[in-house]
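Accompanying notes for the structure given below.
One-based numbering, in listed order, for ligands and for the atoms of each.
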Amino acid sequence: MKGTFKGFRKVLFVLASVLVTAKADEHDHNYDEKEEVVLWMNTVGPYHNRQETYRYFSLPFCRGKKEAISHYHETLGENLQGVELEFSGLDIDYTVDVPQTKYCEVTVDEEKLRAFVYAVKNHYWYQMYIDDLPIWGIVGEVDDTAKPPTYYIWTHKKLEIGYNGPQIVDVNLTSDNKVQLAEGPISFTYQVIWKKSNIHFKGRFDKYLDPSFFQHRIHWFSIFNSFMMVIFLVGLVTMILLRTLRKDYARYSKDEDLDDMERDLGDEYGWKQVHGDVFRPATYPTLFSSLIGSGYHMMLVSLSVIMFTIWGHLYVDRGSILSTSIFVYAATAPVNGYFGGGLYSRMGGKQWIKQMVISAFLIPFTVCGMAFFINFIAIYYHASRAIPFGTMVSVSCICLFVILPLTLVGTIVGRAISGQPNFPCRVNAVPRPIPEKKWFMEPSIIVLLGGILPFGSIFIEMYFIFTSFWAYKIYYVFGFMLLVFVILIIVTVCVTIVCTYFLLNAEDYRWQWTSFLAAASTAFYVYLYSFYYFIFKTKMYGLFQTTFYFGYMGVFSIGLGIMCGTMGYAGTSAFVYKIYSTVKID
Ligand SMILES: *[C@@H]1O[C@H](CO)[C@@H](O)[C@H](O)[C@H]1NC(C)=O
């Protein structure tokens with residue numbers, strides 16, 4: 001009820017601002033002289049736990065006198081990321097300097113004192129926005145040399161705002177006037193200084209980007225390294241393909257020159273022996289085809305979001321990458337149905353509705369399940385990360401009324417177009433027994449080893465991605481990310497093809513799951529790496545942050561695993577079709 005009311009109020013507010021104040025404001029970033037500029041307070045939280053955030057006013061800070069709309073949510077993505085902007089009440093007008101002015105006073109009692117001391121002790125930072133530019137400031141300072149330690153709070157905010165014509169292009173915050181925390185009144189002051197600046201509006205986010213971190217030599221080196229790996233692996237796969245195929249072509253053309261040893265190799269044992277079994281459907285076809293469908297879907301979403309971000313500089317807008325991802329995910333749901341449903345039908349599955357439902361909800365359920373779980377903890381901690389009920393309802397509605405029907409469409413099309421088995425070899429009625437083989441040819445070992453090289457090609461990028469998500473850095477090198485993504489695809493496909501070739505040569509025909517899992521094990525290594533990162537690269541602490549970290553890392557790894565698994569399976573599948581289509585069955 002309250003949510004509806006808020007929503008209604010927001011609609012009214014938007015309408016009112018369109019009708020009445022049809023003039024410049026923060027939505028188009030153009031200001032007139034003396035026009036109101038809003039300072040929004042966002043969150044406060046421990047510096048080392050970037051994702052553990054609380055409402056700014058959850059600390060007993062006070063507001064300025066000016067009245068305005070108190071809540072302001074714009075997009076689904078912002079809601080999900082715990083952005084909760086509240087008006088600071090500070091009076092700021094465009095290009096009007098404000099001398100040091102007291103804006104409010106807090107009467108600190110025992111309880112408020114405890115809250116402030118706790119915040120200062122845990123290095124709390126707060127975040128504000130002015131015209132969509134983020135501003136960070138520190139709450140206070142501890143003097144550890146004194147016994148007992150004394151706690152100070154910064155009470156003066158000096159805002160230096162750079163403007164270029166009608167636009168705000170730069171903001172600096174200086175905290176000043178340290179006051180020792182004690183019971184009694186504490187007054188807060190602010191000051192605004194406007195400066196002409198030469199920075200262009202388009203480049204105003206550049207100072208938040210950290211080229212010396214992201215374009216460090218390590219980054220280039222890692223790309224180069226992965227690139228060499230790609231060349232090596234592609235060479236290896238080409239060699240295997242050429243070798244097998246050449247032999248076959250030689251045999252078909254009844255080439256008598258083929259020496260005896262080669263003929264023996266090709267015919268008496270090896271991958272050709274299992275031609276009657278390779279196209280036997282995978283075990284658990286429902287789950288398998290759902291995973292593959294979801295994998296294709298996610299691959300498309302990741303690629304499109306990376307492209308959109310490169311193209312539209314989405315990283316400068318709060319929550320817009322997340323909103324875009326959700327939108328693209330929902331809109332491309334037919335892809336999931338097409339690939340999953342088609343594969344299920346080719347494998348002879350009959351319960352296609354069940355398969356479709358599993359396929360449609362596999363990823364949303366994993367993500368929402370984890371989000372739900374973390375939400376409980378967030379609510380317990382009163383963190384601003386708690387996802388509002390209305391947002392949960394809208395996400396569920398998207399799942400039910402957009403993703404499910406679109407997946408259905410995809411499934412029907414997939415079954416119609418690619419639902420007929422078109423295997424180059426017939427499947428024998430009786431499965432062939434799988435011969436004993438060396439321990440390192442067992443699928444479980446192949447699966448474990450398969451992920452090492454793909455992980456090796458991405459782990460440095462993982463470091464950059466993790467750091468931007470868990471520390472105060474804006475990830476903006478999406479070009480790198482795209483390159484690494486492409487390299488990951490190539491490496492994964494090559495590695496799984498090689499793995500599958502060895503497996504089939506050992507006359508083991510269970511290649512579908514093996515190739516999927518061998519590629520997916522990359523994500524297992526990424527998850528292990530996240531433990532290393534947590535322990536050695538961050539200073540996170542506390543139940544909330546730890547659950548949040550490992551929960552979302554788990555979700556990320558599962559997603560990555562399904563995606564890599566699908567790449568591996570897709571590549572291997574093409575390879576298997578190719579080599580068996582040359583087999584002549586006597
Ligand atoms: C903000 O700080 C930077 C670095 O100290 C400085 O170059 C810039 O001019 C400042 N901007 C404003 C508006 O004062």
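Evaluation of the side-chain hydrogen bond (donor to acceptor under 3.5 Å, both in side chains) test over residues 187-201, restricted to residues two or more places apart or in two chains, returns H156-T189, H156-Q191, E160-K195.
A pairwise comparison of heavy atoms in P134 and F205 identifies CD-CE2, 3.9 Å as the closest pair. For the pair Y329 and V301, the tightest heavy-atom approach, listed with the atom from each and the gap, is CA-CG2, 3.7 Å.
Taking the centre of each ring, Y475 and F214 come in below the 6.0 Å mark.
No more than 12 heavy atoms of other residues, nucleotides or ligands lie within 6.0 Å of CZ in F327, so this atom counts as exposed by the packing criterion.
Ion pairing between K207 and D170 holds under the 4.0 Å rule for side-chain N and carboxylate O.
Residues with a heavy atom under 4.0 Å from ligand 1: E160, I161, G162, D170, N172, K195.
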